[in-house]
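Heads up, the thing below is written out as C-alpha cells.
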Amino acid sequence: MEKTYNPSAIEQQWYQQWEHNNYFAPSGEGTPYSIVIPPPNVTGSLHMGHAFQDTIMDALTRFKRMQGHDTLWQVGTDHAGIATQMLVERKIQAEEGKTRHDLGRDKFLKKVWEWKAESGGTITQQLRRMGASVDWSRERFTMDDGFYTAVQEAFVRLYDDGLIYRGKRLVNWDPKLHTAISDLEVESIDEKGYLWHLRYPLAGGATTDDGKNFLVVATTRPETMLGDAAVAVHPKDERYKHLIGQFIKLPLVGRLIPIIADDYVDQEFGTGCVKITPAHDFNDYTMGQRHDLGMINVFDHDAAIVQVPEVYTTSGEVVAAHEESIPAAYRGLDRFVAREQIVTDLTAAGLLEEIEDHGLKVPRGDRSGLIIEPLLTDQWFVSTKPLAKPAIEAVEDGRIEFVPKQWENTYFSWMRDIQDWCISRQLWWGHRIPAWHDDDGAFYVGRSEAEVRLKHKLGDINLKQDEDVLDTWFSSGLWTFGTLGWPNSTEALAKYHPTDVLVTGFDIIFFWVARMIMMTMHLTKDETGEAQVPFKTVYVHGLVRDQDGEKMSKSKGNVIDPLDLIDGIELDALLEKRTGNMMQPQLAKKIEKQTLKHFPDGIASYGTDALRFTLCSLASTGRDIKLDLGRIEGNRNFCNKIWNATNYVLMNCEAGDCGQTGGEVELSLADRWIRSRLQKAEQKVTESMGVYRFDHAAEALYHFIWSEYCDWYLELSKPVLWDDNATEAQLRGTRRTLVGVLEAVLRLAHPLMPYITEEIWQKLKGLAGKGGASIMLQPYPVADAGLIDETAEVDLNWVRGVIDGVRNIRGEMNIAPGKPIPVLLKQGDTADRQRLNTNSQFLIKLAKLESITWLEEDDEAPLSATSLVGGLEVLVPMAGLIDKDAELGRLNKELGRLLGEIKRLGGKLSNEKFVSKAPAQVIDKERDKLRDAETAANKLQQKVAKIEAI
RNA sequence: AGGACUAUAGCUCAGUUGGUUAGAGCGCAUCGUUGACAUCGAUGAGGUCGGCGAUUCGAAUUCGCCUAGUCCUACCA
C-alpha cells in the first residue's frame, strides 16, 4: 500500500466500475426505496449546496441499498426557463452581437439546445465525481419528450377540472425580460426613495375645510398619475368627508376623477388622501375592483409611457371608445424619465407641495434585478386554493412529514394564505402552453391541435398555439411522478411512487415543495383512488455559506466549486475562475482581495470522501452551514488515518491465519472490548441515519475509528501479536478481530465515504472471509446485542485508566515518553488485582513500563507520584525521576478540583429539599460521587503531606 | 407589523425526556523520529453556556422579558 492515502488515484476508477456494472440500478428485490434528485439547472454547474444535498441523498441511498431495499435514486436536470434563456441570450449577444429577436424563435431555440448539449455534461460529470449512485439509465430532462407529455397532460387535466384559467390580471412584469413572473420570483428590497406630495385641484369649485381648492396626495411613483382613476380618503375622515363624491381635475392630464371613500386608506399616513391607479398597483387594483373604477394602463412592455392609454373595465374588458389620452410630452418616455419630467412640470405648475425622504420596499425581479412593474396582461393562472386544501391536510395528518418539524409551520403559513399562481411566461425556452386560439381570441385547451379541433368541432378554422411557455416550476411540480412514466401507469410508478424522502433546502419550500405536493395530490391516485403524496418525508437542510456566513453567489465571487475541494486548485486558477467572465467587473478587485485573504495558497486537494464526510458532519439541524476548510482538512487526515490503520492490519494479518476458515479462537479483553464498542457504534450510526442526523453518524464513525479502534485497539493488539509466547488461538483471535472490526466499520462508513471504503474493502475482503464484487452491494452492519460486553468495557476502562494515569504523570512531570519507568499499584481490591493479572502485558506495553508491582496493604511504598483509578493508587516512584514541587502542584490541582466537587455535592446533599424531593437514584448517585471524591481527596492529602514532609 | 431561527472554548459546531467534572474537530502550549500513520502520537491550557427574571430540590436544557444577528411573510399611498 502507498504510505499515504491518495484519493485521486482511486476514486474515478471505482466510480467507473460501479457505473459500468450497473450497481446503481434498482435491484428489483426488497422493499422499494426511492428518492428523486431536485433537478439542477441543465446548463449550470453544481455548487456547494448541490454537493451537500447530493451527498446526503447518496448517503441515504447507499445506506438503504445496503440494507436490502430495492433502491432507486432518480436523476435528471431541469431546463430552468428564465435562467437558461438569459444565459444563451447573453452568449449570443457576446459572440454574434445579436438579440434573440434577430434570430427568431426557432433559431434561438436551436441555439439553446446546442448550448444544452455542450454544457449539459458538466452537472452529470460533477455528480459522478461526488460518487452519486444515481440510476443513470433513468436520467430525465424536464424538456424531453416524455416529460413534455406529462406536462401537457397535467395542464389539460387541471384545465378540465376548472383549476386553470386565463385572464387579464395585474401581474408582476419584468420590463427587461418581458415576461410575467410569479410573486415568489419578486424580492422586496429596502431602498431609499421619496414621497412626493402633489396638489390635486378640486373640480367644480369645491374646497377643503380650510378653504383650499386642492387635495394633497402623497406618492412614491408620480409617473403613475397618468393612469389615476380616483383619489381615495377614509370614509370617517372628518377632513374630507364632505368631498366624497366630488371630483378632482387630474393635473397635466385634465381628466376628472372621483373622490371615493375606502377603509383601506390610513388617515394617519401622509395627508390621508391616496391617488388610485388600478392598472399599476396591486392595492389600487383591488380597490378599483371594489369601486368599479376603470383601469387605465399607461405603460408598455418596456415600462415606458404608451402613446395611447389602454382602458379596461374592472372585469378586464377593453373599453372600445375611450377619451383618455396622455399629454404628448410624456409619450414614449421611460418610466423614470417620465417621473422626472412630471415632477418638473408639476413643480412649474405650482402643484408640488413637498418632497419627503422615504424608505420603501422596492420589488425587484430575482433574475433581472430590475424594478418589477405591476402590469395588466393576459395570463394563465392556477387556482391554488382548492389544490392547497388537501395539500395542507396531508401535512397535518402526517402523511407528509417535515424534518426538522418546524418547517411545517413555514409551509402552513404560506399555504393557508396562498395566492393564485401565474404560470404563463412570455419566454421562448420552456414548455409551450397546450392551448390554441382562433382569430377571435377564443382559447381551446387540449393535448394537440387535432384534439382541440375534434373536441370543439372547430372544422378547419384558423388556430394558433399560444406563444407563451409555462413557469419552470409547473413542470418541476410533476417531477416525482413525471420521471416515473406518468401519465402512463408504469411498473416504476407503481413501485417507486410515492417516493420516500425529498432532500431540499428551505429556500424552495414554496417554489417547489408546496407546489409539488399540490400537483401530485391532484394528479396521482393510489390503487384505492386516494390522492397520492409525492414523498413521505421532506428533509430540509441548511444552506451552505462561506467562511463569513455569507451566501455563496457568483456576483460576490465567493463560490467554491466542489471539484476544487476534491482536486485542489492553484491560487491563480481560483482567481481566474472567480473574477473572469463577470457580470460586474468592477467587483473584481474586491473579490481578488478576499480570495487572497482566505485562500493565500489556493485550495489543497482533499478528495471526495473527505468532502462528503465533512458535509455530513455539518448536517445538523441549523439553517446555516458555514464551510470550514479546517474541517475538511481534518477529515482528509481521517481518511489517511483509516488508510494507515488498514496498512497495519494488512501487515500483521496477511501472513497469518485470521480464522477465515475456522480454527480455535481466543479473544483477549481488548478483542471483546472493541467488538462490544463496534456494536454500539453500529447502533448509533444506524439510528442517526434513520433520523437524518448525519452529523451524529459522522461523529460516531470518527470517534469509533480514530479514538477507539486506532488509538486503543490497534495499540492493544501489538502486545499480543508481538508476543513470542502467544498461542495460535490468541493470535488468531486478535487477527480476526482486527480484520473483522475493520471490515464491518468500512461497511458502516461506506454511505458517507464510498471510495476509500471500497478500495480498502477490496484489499481486506479475503482476510475477512467475504466474497462479493463491491462493498456497495454488501449488507449493512446490524448490531448484535449479544456481542455487547459491559464487563469487558468496564475492565478495559480500568486498563485505560491506569495507562492514562501513568501518562499523565509522565506528561506533567516531563518524563520522556520513551523512558521505561517502574509502577507500583497499591490499595487495590480483588477486582483490581484480577485485572492486573490478565492485563499486565497491555499496561507494560502501552504505558512503557519497566516493571509493574502489586503492593499489599501493609507493604511500604517509596515516595511516589500518584494517580488514582477509583480506589487504586497508581504510583511512580520519585527517586531520580520526579520534581517534588511539580508533583505537589499536580496533586494540589487535582485536590482542588476534588474539594470543589465535595463542597458542591456536600451542599446539595445537606439540602433538605433536595434529599426529600429528588428521586432516590439521583440521590444515591450523588452520594456515591461524594464518597468517591472524599476518598480520593483523602488519599491525595496524605500524599501531599508525605511529600511536603521531606 | 407578524412569525421563525440563531446566540455554548480563539474558530466551526454537538449537547437526547431538566441530574454530565458541559463535549468534539481545528487552533494553541509542552514533549516526542527504530516497529500503521508527523495528513502522526502523548500531555495540557482554554467555557460564570448572550443578559435579566421565573418555575424547580436541581436549568446550557422549560417559561417570560431584553439585547445582538440572520431569515421569511405581509404591507407602508
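Every chain is numbered from 1, with letters handed out A, B, ... down the list of sequences. All values below come from the heavy atoms of this structure, side chains included, with hydrogens, waters and symmetry mates left out.
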For [N] versus [M], give the span between their [atom1] atoms, rounded off to a whole number of Å.
N	M	atom1	result
B:rG50	B:rG41	C1'	38 Å
B:rA22	B:rA68	P	31 Å
B:rA7	B:rA14	P	7 Å
B:rG3	B:rU12	P	30 Å
B:rU70	B:rC28	P	31 Å

Has A:Lys626 got a side-chain N or O lying under 4.0 Å from the OP1 or OP2 atom of B:rU12?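 Yes, such a contact exists.
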Report yes if a side-chain nitrogen or oxygen of A:Lys929 is closer than 4.0 Å to either non-bridging phosphate oxygen (OP1 or OP2) of B:rU21; otherwise report no.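 Yes, such a contact exists.
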Can you identify which nucleotide, out of [options], has its nearest atom closest to the [X] side chain?
X	options	result
A:Pro817	B:rU12, B:rG32, B:rA45	B:rG32
A:Lys641	B:rU39, B:rA36, B:rU20	B:rA36
A:Met651	B:rA36, B:rU12, B:rU20	B:rA36
A:Lys3	B:rG19, B:rC37, B:rA36	B:rC37
A:Asn637	B:rC40, B:rU73, B:rU30	B:rC40
A:Ala918	B:rG19, B:rU43, B:rA14	B:rG19
A:Asp711	B:rU20, B:rU43, B:rG41	B:rG41
A:Glu812	B:rC72, B:rC5, B:rG44	B:rG44
A:Asp628	B:rU12, B:rC37, B:rC75	B:rU12
A:Lys845	B:rG35, B:rG15, B:rG44	B:rG35

Please work out if [X] contacts a base, only the sugar-phosphate, or nothing of the nucleic acid, heavy-atom cut-off 4.0 Å.
X	result
A:Cys639	nothing
A:Phe638	nothing
A:Leu627	nothing
A:Thr410	nothing
A:Trp196	nothing
A:Ser620	sugar-phosphate
A:Arg897	base
A:Asn6	nothing
A:Val265	base
A:Asp417	nothing
A:Arg807	sugar-phosphate
A:His358	sugar-phosphate
A:Asn647	sugar-phosphate
A:Glu633	nothing

Can you tell me the distance, in whole Å, between the [atom1] atom of [X] and the [atom2] atom of [N]?
X	N	atom1	atom2	answer
A:Leu701	B:rA24	CG	C1'	14 Å
A:Leu846	B:rA36	CG	P	12 Å
A:Leu905	B:rG19	CG	C1'	11 Å
A:Glu699	B:rC26	CD	P	12 Å
A:Glu408	B:rC72	CD	C1'	17 Å
A:Asn640	B:rC40	CG	P	7 Å
A:Ile815	B:rG44	CD1	C1'	15 Å
A:Glu901	B:rG19	CD	C1'	13 Å

Watson-Crick or G-U wobble partner for [N], using a 3.5 Å limit on both distances?
N	result
B:rU20	none
B:rA4	B:rU70
B:rG25	B:rC11
B:rU34	none
B:rU56	none
B:rC65	B:rG51

Can you confirm whether more than 12 heavy atoms, excluding those of A:Phe914, are under 6.0 Å from its CZ atom?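 It does: A:Phe914 CZ has more than 12 such atoms within range.
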Would you indicate whether A:Lys929, at its atom NZ, is surrounded by more than 12 heavy atoms from other residues, nucleotides or ligands within a distance under 6.0 Å?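 Count over threshold, so yes.
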Side chains of A:Tyr200 and A:Asp228: do they bring a donor and an acceptor to under 3.5 Å?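 There is such a pair (donor and acceptor under 3.5 Å, judged by atom type) between the side chains of A:Tyr200 and A:Asp228.
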Between A:Lys275 and A:Thr277, does any side-chain donor sit less than 3.5 Å from a side-chain acceptor?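 Distance-only check passes for A:Lys275 and A:Thr277.
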Whichever of A:Leu195 and A:Arg545 has its nearest RNA chain B nucleotide further upstream toward 5':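 Residue closer to the 5' terminus by nearest nucleotide: A:Arg545.
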On RNA chain B, nearest-nucleotide positions of A:Val922 versus A:Arg221: which is more 5'?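 The residue mapped nearer the 5' terminus is A:Val922.
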Would you say A:Trp722 stacks on B:rG35, if stacking means ring centres under 5.5 Å apart and planes within less than 30 degrees?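 Base of B:rG35: stacked against A:Trp722.
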Base B:rA42 to side chain A:Glu715, donor-acceptor N/O within 3.5 Å cut-off: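 Answer no: no donor N or O sits under 3.5 Å from an acceptor.
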Any N/O donor-acceptor pair, A:Arg623 side-chain to B:rU70 base, under 3.5 Å: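 Donor-acceptor pair under 3.5 Å: yes.
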Pairwise side-chain contact, A:Arg364 with A:Val362, heavy-atom cut-off 4.5 Å (strictly under):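 Yes - at least one pair of side-chain heavy atoms lies under 4.5 Å apart.
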Closer than 4.0 angstrom, basic N to acidic O: yes or no for A:Asp546 and A:Lys626?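 Salt bridge absent between A:Asp546 and A:Lys626.
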Looking at A:Thr219, A:Ile342, A:Val216, A:Leu215, which hits side chain to side chain contact (heavy atoms under 4.5 Å, CB included) with A:Leu198?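 Per the side chain to side chain contact (heavy atoms under 4.5 Å, CB included) rule, the option paired with A:Leu198 is A:Thr219, out of A:Thr219, A:Ile342, A:Val216, A:Leu215.
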Lys NZ or Arg CZ of A:Lys718 over A:Tyr648 ring: under 6.0 Å, within 45°: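 Positive - A:Lys718 is close enough to the ring of A:Tyr648 and near enough to its axis.
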Stepwise ring-ring contact (aromatic ring centres under 6.0 Å, His included) test for A:Trp643 and A:Tyr5: CA-CA 6 Å; A:Trp643 185 259; A:Tyr5 174 55; 5.3 Å; yes
For A:Trp414, run the ring pair (Phe, Tyr, Trp, His ring centres under 6.0 Å) check against A:Phe506, A:Trp421, A:Phe510 and tell me which one passes.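 Of all the options given, the one that passes is A:Phe510.
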